[in-house]
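Okay, here's the structure, questions in a sec.
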Amino acid sequence: MLQKPRGTRDFLPDEMESRREVESRMRGVARSWGYREICTPEFEELDLFTIRSGEGIIQEMYVFEDKGGRKLALRPELTAPVLRMYVNEGKTLPKPLRWFYFADCFRYERPQKGRYRQFWQFGVELIGADTPIAEAEVIMLAHEILSSSGISFTLHVGHLSFMRILLKELDPFDQKRARMFLDKRDTPGLREYLSGRDHAALSDRLIALAGCRDLSQAFEITGDFPERERIEELFSILEEAGICYTLNPGIARGLDYYTGMVFEAFADNLGAENQVLGGGTYRLAHLFGGEDTPSCGFAVGFDRIMVARGERPAAPGKSAGVAFTPEGRPWALRVAGEFRKAGIRTPLDLTGKSIGQQLSGISRFAEYAIIIGGKERDSKTVTLKDLRSGIQKNLSLDDALHEVCSGDTR
RNA sequence: GCCAGGGUGGGGUAGUUGGUUAUCCUAGGGGACUGUGGAUCCCCCGACCCGGGUUCGAGUCUCGGCCCUGGCCCCA
């Protein structure tokens, strides 16, 4: 038998409904902040991603050549495509641009919990605003979106300037190594590495900074620097907004194009792969041939959100199955149409069995049964049975609709 | 790419020292049953992940691969 490709998943209706529900909450939040949805191609020129992230990522992407010999890649993320789109067709739009997306991405990696080869990201990019409140807005929006998803999470906000000030005395290679140690919280490793390179004093300051959870203390460690005022304003906006977050000057993020504020969120109940969101302030447009444009954004790992939510029954919609006899069919079709117009899921019986058997089938999934036979056809009425209480009434079409609409769902 | 643990009908399971027709539950389909309930009864469908090896004989032992789960690496 054929199998689905490694790292991909099938979604049955129960799971799909639950995903759509979370997805629509996220969309709703983003819209309410004035963000509008965009869509970019599923695949792009390979160069788009190597320019952004380096040649090394080729082995972790789905790369292929089309019949015209073009080097293409399934998108491994969406920030680069969105900024490419901005450069191509967004330059003349009034700034700032508030965009969001919900789309699938592909990475050729070893699957594990919360990590798949096809996965979905919900993300936001705020393009062309370069103020503390713009950065704060993105953080606030991220916080609201995660909250709306119903998971329990911890939000870490940092700024690259702290680390950069301290690392300035190292050459670029050592800077990178030092950041890796910090990222892994490997303080003995960091000490050993730096003392072997005559920077023993630095490791204490770095470790103190990474563990620092208070802004003024962080500045004590680093000393003053030009962005201080801006950073303080950003964090005071977060305080004003009442956002619950943790200051974390140790956040490094993998890539070099982040310019200042960086933030991450972690689900409280996940294992090794517990990061559910990452983002920050960056400059990327100039790499794709546009003007140097300040931007800020984040991406949510949608699948991890769903894992963190755990098994939850999706809220059922109203449902009424139609049982009918051959004589009742024309009227049953009319009645079913009216119920559907009212937003009620109204499947017809397809078996043509006895009314009793039709009811058996309907009672497996629906709250109500609509019974239509010759009598109902002749009187233009509806026999509506509440399958939970067993109470059955003969009603006009309007009354039946009203009864179902006002009833509780199961 | 690396490490560990796994893989028996759609889901969940039993399977003795290697021994006949692979167990049970559930789900699914059909019927009893064309004007009133998820029941019941009967019937049906359906599996040893794939390939090599050992053996008279492999679900069972062995090797390789694939896939799943968790972790490492990476994490744009």
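First the proteins, then the strands, lettered A, B, ... as listed; each starts at 1. Because the structure is predicted, anything quoted here is derived from the model rather than measured.
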Answer yes if the side chains of A:Asn248 and A:Thr246 hold a donor-acceptor pair under 3.5 Å, and no otherwise.
no
Distance between the C1' atoms of B:rC24 and B:rA47, in whole angstroms?
14 Å
When all nucleic acid strands are considered with a 4.0 Å heavy-atom cut-off, which category describes A:Gly373: base, sugar-phosphate, or nothing?
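If one applies the 4.0 Å heavy-atom cut-off, A:Gly373 turns out to touch a base.
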Going by the side-chain hydrogen bond (donor to acceptor under 3.5 Å, both in side chains) test, which pairs reach into residues 204-213 of chain A, not counting sequence neighbours?
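Non-adjacent pairs meeting side-chain hydrogen bond (donor to acceptor under 3.5 Å, both in side chains): A:Arg191-A:Asp204.
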Measuring to OP1 and OP2 of B:rU34, would you say a side-chain N or O of A:Lys353 lies under 4.0 angstrom away?
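For A:Lys353, the contact criterion (side-chain N or O under 4.0 Å from OP1 or OP2 of B:rU34) is not met.
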Applying the Watson-Crick and G-U wobble criteria at under 3.5 Å, what pairs with B:rU60? Answer none if nothing qualifies.
none
B:rA58 and B:rC2: how far apart are their P atoms, nearest whole angstrom?
32 Å
With no hydrogens and no angle check, is any side-chain donor or acceptor of A:Arg107 less than 3.5 Å from a backbone partner on A:Arg117?
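No: the side chain of A:Arg107 does not pair with the backbone of A:Arg117.
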Between B:rG28 and B:rC66 - P atom distance, rounded Å:
36 Å
Between A:Asp303 and A:Arg19, is there a side-chain N and carboxylate O pair less than 4.0 Å apart?
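So A:Asp303 pairs with A:Arg19 through a salt bridge.
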Can you see if the side chain of A:Ser360 gets near the phosphate of B:rG38 - specifically, an N or O under 4.0 Å from OP1 or OP2?
yes
Can you name the closest pair of heavy atoms from A:Val87 and A:Phe288 and give their distance?
CG1-O, 3.5 Å
What integer distance in Å separates A:Ile362:CD1 from B:rU34:P?
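Value for this atom pair: 16 Å.
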Of A:Pro5 and A:Leu270, whose closest RNA chain B nucleotide lies nearer the 5' terminus?
A:Pro5
Please state how far atom CG in A:Leu83 lies from atom P in B:rA76, giving the value in whole angstrom units.
16 Å
Nearest to the side chain of A:Glu109, which nucleotide is it out of B:rU36, B:rG35, B:rA76?
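Closest of the options to the side chain of A:Glu109: B:rA76.
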Given B:rA76, B:rU34, B:rU36, which nucleotide is nearest the side-chain atoms of A:Gln357?
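When the side chain of A:Gln357 is considered, B:rU34 is the closest of B:rA76, B:rU34, B:rU36.
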What's A:Gly390 touching, base or sugar-phosphate or nothing? Going by heavy atoms closer than 4.0 Å.
base
Is there any protein nitrogen or oxygen under 3.5 Å from a nitrogen or oxygen in nucleotides 3-8 of chain B, and what are the pairs?
unit_1	atom_1	unit_2	atom_2	d
B:rC3	N4	A:Arg110	NH2	3.4

Among B:rA76, B:rU36, B:rC72, which nucleotide has an atom closest to any side-chain atom of A:Gln112?
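Output: B:rC72.
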Non-hydrogen atoms of A:Glu44 and A:Pro81 that approach each other most closely
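Nearest heavy atoms, A:Glu44 then A:Pro81: OE2-CB, 3.5 Å.
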Shortest non-hydrogen contact from A:Pro294 toward A:Asp130
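It is CG-CB, 3.6 Å.
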Tell me: CZ of A:Arg177 to P of B:rC74, nearest whole Å?
10 Å
Taking atom C1' in both B:rA32 and B:rG19, compute the distance separating them and give it to the nearest angstrom.
42 Å
Does B:rA4 have a Watson-Crick or wobble partner in any strand here, with both distances under 3.5 angstrom, and which is it?
B:rU69
note: A:Asp14, atom CG; B:rG10, atom P; distance rounded to Å ~ 20 Å
Can you tell me, in whole Å, how much space there is between the C1' of B:rU40 and that of B:rU23?
24 Å
Checking contacts here: which listed nucleotide (B:rC67, B:rC74, B:rG38) is nearest the side-chain heavy atoms of A:Met180?
B:rC74
If we only count heavy atoms from C-beta on, is the A:Arg31 to A:Glu37 side-chain gap below 4.5 Å?
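In short, these two side chains touch, coming nearer than 4.5 Å.
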Between A:Lys91 and A:Glu291, is the salt bridge (Lys or Arg N to Asp or Glu O under 4.0 Å) condition met? List the steps.
CA-CA 9 Å; A:Lys91 278 194 288 198; A:Glu291 275 177 50; over 6 Å; no
When A:Leu167 is tested against each of A:His199, A:Lys176, A:Arg179 for side-chain contact (heavy atoms from CB on, under 4.5 Å), which residue passes?
A:Arg179
Any idea which of B:rU36, B:rG35, B:rG28 is nearest the A:Arg364 side chain?
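Taking heavy atoms from C-beta onward, the closest nucleotide is B:rG28.
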Under the side-chain hydrogen bond (donor to acceptor under 3.5 Å, both in side chains) definition, can you give me all pairs with a residue in residues 139-151 of chain A, not counting sequence neighbours?
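Every side-chain hydrogen bond (donor to acceptor under 3.5 Å, both in side chains) pair that includes a residue of residues 139-151 of chain A, provided the two are not neighbours, is A:Trp33-A:Glu144.
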Base, sugar-phosphate, or nothing for A:Glu327, non-hydrogen atoms under 4.0 angstrom?
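Touches nothing.
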Give the minimum heavy-atom separation between A:Ser319 and A:Pro347, together with the two atoms involved.
OG-CD, 4.2 Å
Starting at atom CD of A:Glu367, determine the distance to atom C1' of B:rG38, rounded to an integer number of angstrom.
14 Å
Rounded distance in Å between the C1' positions of B:rC3 and B:rC61
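That atom pair is separated by 25 Å.
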Determine the interatomic distance between C1' on B:rC68 and the same-named atom on B:rU16; round to the nearest Å.
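Per the computed distance, 28 Å lies between those C1' atoms.
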Check for a donor-acceptor pair, side chain of A:Asp349 on one end and backbone N or O of A:Gly352 on the other, with a separation under 3.5 Å.
yes
Of the candidates B:rA76, B:rG37, B:rG38, the side chain of A:Glu60 sits closest to B:rA76
Sugar-phosphate only, base, or nothing, as touched by A:Gly54 at under 4.0 Å among non-hydrogen atoms:
nothing
Restricting to side-chain contact (heavy atoms from CB on, under 4.5 Å), what partner residues turn up for A:Ala103, sequence neighbours left out?
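Here the qualifying residues are A:Arg75, A:Leu78.
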What residues from residues 282-302 of chain A pass a heavy-atom cutoff of under 4.0 Å to RNA chain B?
none
Give a yes or no on whether a donor-acceptor pair under 3.5 Å exists between the nucleobase atoms of B:rG35, that is its base, and the side chain of A:Gln392.
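When only heavy-atom distances are counted, A:Gln392 does not reach the base of B:rG35 through any donor-acceptor pair under 3.5 Å.
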What does A:Asp349 touch in the nucleic acid at a heavy-atom separation under 4.0 angstrom: a base, only the sugar-phosphate, or nothing?
nothing
How close or far is atom P of B:rC49 from atom CZ of A:Arg6, stated in whole angstroms?
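A:Arg6 atom CZ is separated from B:rC49 atom P by 18 Å.
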Residues touching RNA chain B, which here means a heavy atom under 4.0 Å, drawn from residues 114-123 of chain A
A:Arg115
I need the NZ-P distance between A:Lys4 and B:rC49, as an integer number of Å.
17 Å
So with a 6.0 Å cut-off around CZ of A:Phe102, is the heavy-atom count from everything else above 12?
yes
Measure from the side chain of A:Ile57, starting at C-beta and using heavy atoms only, and say which of B:rG37, B:rA76, B:rC75 lies closest.
B:rA76
Give the rounded distance in Å between these two atoms: CG of A:Leu12 and C1' of B:rG28.
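To the nearest whole Å, that distance equals 14 Å.
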Atom P, compared across B:rG38 and B:rA27: separation rounded to whole Å:
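Taking atom P in both B:rG38 and B:rA27, they lie 14 Å apart.
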Taking atom types as they are modelled, would you say the side chain of A:Lys385 forms a donor-acceptor pair with the base of B:rG37 within the 3.5 Å cutoff?
yes
Side chain of A:Glu273 - closest among B:rC75, B:rU36, B:rA76:
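Among B:rC75, B:rU36, B:rA76, the one nearest the side chain of A:Glu273 is B:rC75.
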